[in-house]
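Down below is the structure, laid out as structure tokens.
The first residue in the sequence is number 1, and the count goes up from there.
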Amino acid sequence: MIDLFIIKVGGNVIDNPALLQSFLGKFAAISAKKILIHGGGKVATRIGDKLGIESKYVDGRRITDADTIDVVTMVYGGLVNKQLVAQLQSKGCNAIGLTGADGNIIPATKRPVKTIDYGFVGDVKPEQVQTAPVVALLEAGITPVFAPLTHDGNGQILNTNADTIASSLAIALSAKYNVRLIYCFEKKGVLSDPNDDNAVINLINKDIYQQLMDQKVLSDGILPKLDNAFGAINHGVKEVLIGHAEDVLSNTTDTVAGTLIC
Ligand SMILES: Nc1ncnc2c1ncn2[C@@H]1O[C@H](COP(=O)(O)OP(=O)(O)O)[C@@H](O)[C@H]1O
Ligand SMILES: CC(=O)N[C@@H](CCC(=O)OP(=O)(O)O)C(=O)O
């Protein structure tokens, strides 16, 4: 099987023009087949604030009411996605911007209300991901760039965490490719002390993950990232790495920056 890099870039990197340019340059330079998934939570929060729409998160997932789904559809599916595609084109990478509704690639189910009503948030089953359009683009030498939006099949767009989009695509495509899933964010990896940016844990297995949860070392956006990272590694994805956008695309066979999930 040939390699496929599935790379997710988060909102803090998207919001930092210098870091984003450097990241996109490294991404464009990857010669293997590749897919980019972007977040943009910070941009959506800022634009929501300007419109008087307050952002609320529970365990790193946005509560998405009727006003918020409109904001995130515009911000993720429009502004962020198209800016990234244009920037990749300028770097010689022939990218195409997509949401999960396009080509029916990522159908989802609105999250059922249990203790919390997340609103228009979509849960994805990797086995429902339609890989054929993605494979066709990859085989044509085109790089898909996914916004974190899905749809329910009844005309409703849903907001899905970008970490989940990345792991679902990674799991679905691992039947055909040797998938390497890389989560790029603004920290050097998963930290044993969230206040110490150098306290990177190089390797996390299931037991260490449980210990970190018990010690309450993990909170906010790192929760969906690890949740999805383990989901991917347990369902056929060859390698999952979490690290700084500046470092993780520069790894060599001798040095690995970031946190490897095993
Ligand atoms: N132990 C930890 N290690 C790394 N990050 C952590 C940890 N605990 C909490 N975090 C927080 O999780 C955030 C990453 O999630 P998020 O902001 O959603 O990133 P992204 O937008 O890239 O998905 C970090 O910026 C950090 O504030
Ligand atoms: C349901 C849910 O939480 N969706 C996310 C999608 C964007 C995202 O994941 O952005 P980052 O990668 O920048 O965090 C949100 O609206 O914040």
Item to check | Trace of the salt bridge (Lys or Arg N to Asp or Glu O under 4.0 Å) decision for Asp65 with Lys56 | outcome: CA-CA 10 Å; Asp65 64 12; Lys56 291 186 213 83; 5.3 Å; no
Checklist entry - So does Glu54 have more than 12 non-hydrogen atoms from other groups sitting under 6.0 Å from CD? => result no
Next on the checklist: Using side chain to side chain contact (heavy atoms under 4.5 Å, CB included), reason through Asp193 and Val217 one step at a time and then give a plain yes or no.
Outcome noted: CA-CA 7 Å; Asp193 174 356; Val217 167; over 6 Å; no
Checklist entry - Which residue pairs pass the side chain to side chain donor-acceptor pair (under 3.5 Å) test with at least one member in residues 93-122, sequence neighbours excluded? => result Gln89-Asn94, Thr99-Asp102, Asn104-His151, Arg111-Asp123
Please list, one pair per line, the donor and acceptor atoms closer than 3.5 Å that link side chains of residues 16-30 to other protein atoms, with sequence neighbours excluded.
unit_1: Asn16; atom_1: OD1; unit_2: Ala18; atom_2: N; d: 3.4
unit_1: Asn16; atom_1: OD1; unit_2: Leu19; atom_2: N; d: 3.1
unit_1: Gln21; atom_1: OE1; unit_2: Lys91; atom_2: NZ; d: 2.7
unit_1: Gln21; atom_1: NE2; unit_2: Gln87; atom_2: OE1; d: 3.4
unit_1: Ser22; atom_1: OG; unit_2: Glu246; atom_2: OE1; d: 3.0
unit_1: Ser22; atom_1: OG; unit_2: Glu246; atom_2: OE2; d: 2.9
unit_1: Lys26; atom_1: NZ; unit_2: Glu246; atom_2: O; d: 2.8
unit_1: Lys26; atom_1: NZ; unit_2: Glu246; atom_2: OE2; d: 3.0
unit_1: Lys26; atom_1: NZ; unit_2: Ser250; atom_2: OG; d: 3.4

Checklist entry - Is it true that the NZ or CZ of Lys225 lies under 6.0 Å from the centre of Phe185's six-membered ring and within 45 degrees of the ring axis? => result yes
Checklist entry - What pairs with Asp227 under salt bridge (Lys or Arg N to Asp or Glu O under 4.0 Å), at least two apart in sequence or on another chain? => result Arg61
Item to check | Cluster companions of Met1 among Ile, Leu, Val, Met, Phe, Trp, Tyr (side-chain spacing under 4.5 Å) | outcome: none
Next on the checklist: List the residues meeting side-chain hydrogen bond (donor to acceptor under 3.5 Å, both in side chains) with Asn198, not counting sequence neighbours, and say none if there are none.
Outcome noted: Lys188
Next on the checklist: Can you tell me how far apart CZ (Phe5) and OG1 (Thr143) are? Round to the nearest 0.5 Å.
Outcome noted: 12.5 Å
Item to check | Test side-chain hydrogen bond (donor to acceptor under 3.5 Å, both in side chains) applied to Lys33 - qualifying residues, sequence neighbours left out | outcome: none
Checklist entry - Does the side chain to side chain contact (heavy atoms under 4.5 Å, CB included) test come out yes or no for Asp214 and Gln211, once each step is laid out? => result CA-CA 5 Å; Asp214 294 344; Gln211 280 168 27; 5.6 Å; no
